[in-house]
There are 2 protein chains.
Amino acid sequence: MASAAAVRTAPRGRIDKRQAILDAAFDVFAEHGYAQALVQEIAERAGVAKPTVYNHFTDKETLFRATLTAAAHAVMDGNIATLDRMRSPGEDLRATMNEVAYQLARSCCDRRSRSLRWLTYAQVARFPDLIEIVQGCTSVRIAEAMADRLARLTLAGRLRPCDPAVAAEQLLALVTGPLETRSRLGTRKLTAAELRALAESAVDTFLRAYAADPR
Amino acid sequence: MASAAAVRTAPRGRIDKRQAILDAAFDVFAEHGYAQALVQEIAERAGVAKPTVYNHFTDKETLFRATLTAAAHAVMDGNIATLDRMRSPGEDLRATMNEVAYQLARSCCDRRSRSLRWLTYAQVARFPDLIEIVQGCTSVRIAEAMADRLARLTLAGRLRPCDPAVAAEQLLALVTGPLETRSRLGTRKLTAAELRALAESAVDTFLRAYAADPR
DNA sequence: CACTAACTGAACCCGCCGGTTCAATATGAA
DNA sequence: TTCATATTGAACCGGCGGGTTCAGTTAGTG
C-alpha cells in the first residue's frame, strides 16, 4: 500500500488543466447550447485532449453541471460587490440608487451573466436541479441583499414603512424586466445611454412609490 | 365540435392532419426541447405516420418554425383579449387594474405561454429570427396595447402626466418580473392567492408612482 | 535513473435519429 | 369506375457525436 508519504495529495503533474477545461466548456456551451456543444471542441479550446476531459469529468453531463455552478458563483460575487455600493447611501439617495441600478443593469447584460441565465433556462428540462443552484446564487441572493439595504433605509426614515422583501423584488423587476425585452433576449446590444435612462426611470418610479419624502 | 367521434376509426384520407401535427409538435417540443424532440414521437402523438409529417413540413426545422409562430399568435390573441378588460375602467380604477394584472399573471403562468417563451429563449442560438416573431406577438404587442390604455387614463386625468410607453413597460415588469423568480422559471406552481397578492402589490406600487390622485 | 501518474492522439465502436424510399392502400373527385 | 393524391408502415441509409481503448509520451518524485 502507500508508504508514509502523502500519496493522496494529487500533485498535478502539469498545470491545473481542470480550470482551463471549465473555462473552455462555459464558452462552448454558451455559444452552441448543451446539445450542440461538442466535447471535442471544448477539449481543443482548452488545449487538452478529449480523454483528459473525460478524465476530470466523467461525462458531458457532469461537466455541464460543474461548469454552470462555477459560473454561478463567479457571477454572484460580482453582483454582490456591486450592491455593496449601497451600504453608505450618502446625502443624495437618488443618485446612489441610480448608480447602483445602472451597474446592476450593466452586470445583467454582461456576457457571462447572460450566457449563464440562458444556459440554465434553456436546459431546465434536462437539468431541473440547476435552477435552484443558479437562481439561488443570483436572483435570490441579490434580492436578499437588496432587501437588507432597503430595510436599513426604511429604518433611517428615508423610505416609507414597507415590506423590504417586496420592495427589493419590485425594484429589481423595474431594473431588469425591461432589459430582456429591449435587448431582444440578449440579441441586441444596449447602449450605455439606454441603460442609464432605463435605470433612472426605474429608480424614479421606485422612489415615487417608496420614498418617505417624495421630493 | 361533435365530429371528434368519427376520428376513432382510421381516418385515412385528407382530413386536416396539419393542425394535428402542429399541436402534437408543440407538446413534444415543449416537453423535450428542440434537439431532444423526436419526429417519430410527434407523428405518433398526432396519429400520423412519420412521412406524413415530412410531407406537410419539409424538415424538422421548418416544422419547429411553423409550430412556434402558430403558438405565438394564439398566445397573443389571449393576452390582447385579457387587456381589453381595461377599455372601460369604471369607477374603481385600482380594482380593475388588480383584476387585469391578475389575469395577465395567470396568462403568463399558463402552460402554453410558458412553453412558448421557453422554447424561443432556449433555441435563440439556432433560430435567432424567431425572437422577433414571438416577442413581437407577445411582449411588444402587449406593451403597446397597455400603453394605449394608460394614455387614455392619463388623458382622463386619472394618471399623472407621463410617458405611457415607459409606464406600460414598468407595470408589466412589476407584474411579470417577480413571476419568473418566484416560480423558479416555471418549475414551481404558484397558487391563485400568491398571484393575487403579487398582482395587488404590483398595482399598488404602480398607482403610488403614477396615479394622479394617490388616495 | 527508475517509477508512476497524468496526458496525448488517433482510431474505433455504437447508438441515435433525421430524412428517404417504396410498395400497398385509402380517399375524394370526375 | 377511374384517376390522382394523400397516407401508411416498415425498412433502410448515413452522419453525427458521446464515450472508450490503447500504445506511446511527458513530467514530477525519490
Side-chain angles (χ1 to χ4, degrees), chain A residues 1-25 27-29 31-68 119 123 125-127, chain B residues 3 5-29 31-68 119 123 125-127:
Chain A
M1 267 231 125
S3 55
V7 181
R8 201 59 281 149
T9 48
R12 292 267 167 253
R14 307 254 177 94
I15 310 174
D16 204 5
K17 313 262 183 185
R18 190 185 165 90
Q19 191 54 43
I21 296 175
L22 280 177
D23 293 343
D27 290 347
V28 175
F29 281 136
E31 250 169 62
H32 307 297
Y34 177 76
Q36 306 305 310
L38 308 193
V39 176
Q40 179 64 38
E41 188 181 350
I42 294 175
E44 278 168 12
R45 221 180 283 194
V48 143
K50 189 161 71 146
T52 305
V53 175
Y54 285 99
N55 182 24
H56 285 278
F57 309 89
T58 52
D59 55 10
K60 195 183 184 182
E61 187 172 323
T62 52
L63 171 58
F64 186 70
R65 284 207 158 81
T67 304
L68 280 213
L119 279 173
Q123 302 306 326
R126 209 192 298 221
F127 308 105
Chain B
S3 61
V7 178
R8 184 154 34 94
T9 59
R12 297 171 82 114
R14 45 170 62 242
I15 304 181
D16 200 7
K17 314 260 183 185
R18 190 185 165 90
Q19 191 55 42
I21 295 175
L22 279 177
D23 293 343
F26 185 81
D27 290 347
V28 175
F29 281 136
E31 250 168 63
H32 307 297
Y34 177 76
Q36 304 307 310
L38 308 194
V39 177
Q40 179 63 39
E41 187 180 350
I42 295 175
E44 278 168 11
R45 221 182 283 194
V48 143
K50 189 161 68 146
T52 306
V53 175
Y54 285 97
N55 182 25
H56 284 278
F57 309 89
T58 53
D59 56 8
K60 195 183 184 181
E61 186 172 325
T62 52
L63 171 59
F64 186 70
R65 284 208 158 80
T67 304
L68 280 214
L119 280 172
Q123 302 306 325
R126 208 192 297 222
F127 308 105

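All values below come from the heavy atoms of this structure, side chains included, with hydrogens, waters and symmetry mates left out. Letters A, B, ... are given to chains in the order of the sequence lines, protein chains preceding strands, and every chain is numbered from 1.
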Practice problem: Rounded off to whole Å, could you give me the CZ-to-P distance for the B:Phe57 and D:dT7 pair? | Solution: 11 Å
Practice problem: Answer with yes or no whether B:Lys60 presents, from its side chain, a donor or acceptor under 3.5 Å of a partner atom in the base of C:dG19. | Solution: no
Quiz prompt | N/O (side chain, A:Thr52) to phosphate O (OP1/OP2, C:dC7) under 4.0 Å | solution = no
Exercise. For B:Phe64 and C:dG18, give me the distance from atom CZ to atom P, rounded to whole Å.
Key: 13 Å
Quiz item: When you check the side-chain N and O atoms of A:Thr52 and A:Asn55, is any donor under 3.5 Å from an acceptor?
Solution: no
Quiz item: Hey, which of these two, B:Val48 or A:Gln40, hits DNA chain D nearer its 5' end, going by closest nucleotide?
Solution: B:Val48
Quiz item: In whole angstroms, how far is the P atom of C:dG18 from the NZ atom of B:Lys50?
Solution: 7 Å
Exercise. Round to a whole Å and report the spacing from CD of B:Glu41 to P of C:dC16.
Key: 15 Å
Exercise. Assign B:Ala37 to base, sugar-phosphate, or nothing according to its heavy-atom contacts below 4.0 angstrom with the strands shown.
Key: sugar-phosphate
Quiz item: Nearest-Å distance, CD (B:Gln36) to P (C:dG18)?
Solution: 10 Å
Quiz item: When you check the phosphate oxygens OP1 and OP2 of C:dC7, does a side-chain N or O of A:His56 lie under 4.0 Å from one of them?
Solution: yes
Quiz item: When rounded to the nearest 0.5 angstrom, what is the spacing between OG1 in A:Thr62 and OH in A:Tyr54?
Solution: 9.5 Å
Quiz item: Residues two or more places apart in sequence or in another chain: which of them pass side-chain hydrogen bond (donor to acceptor under 3.5 Å, both in side chains) with B:Gln36?
Solution: none
Self-check item: Integer-rounded Å distance: C:dC17 C1' and B:Leu63 CG
Solution: 15 Å
Quiz item: What heavy-atom pair brings B:Thr67 and B:Ala25 nearest, and what distance separates the two atoms?
Solution: OG1-CB, 3.6 Å
Self-check item: Distance, nearest 0.5 Å, that separates CG of A:Leu22 from CG of A:Leu63
Solution: 7.0 Å
Self-check item: Comparing B:Tyr54 and B:Pro51 on DNA chain C - which has the more 5′ nearest nucleotide
Solution: B:Tyr54
Quiz item: Between A:Asp16 (CG) and D:dA27 (P), how many Å, whole number?
Solution: 17 Å
Practice problem: Starting from P on C:dG19, measure out to CD1 on B:Ile42 and report it in whole angstrom. | Solution: 11 Å
Quiz item: Would you say a side-chain N or O of A:Asn55 is under 4.0 Å from OP1 or OP2 of C:dA6?
Solution: no
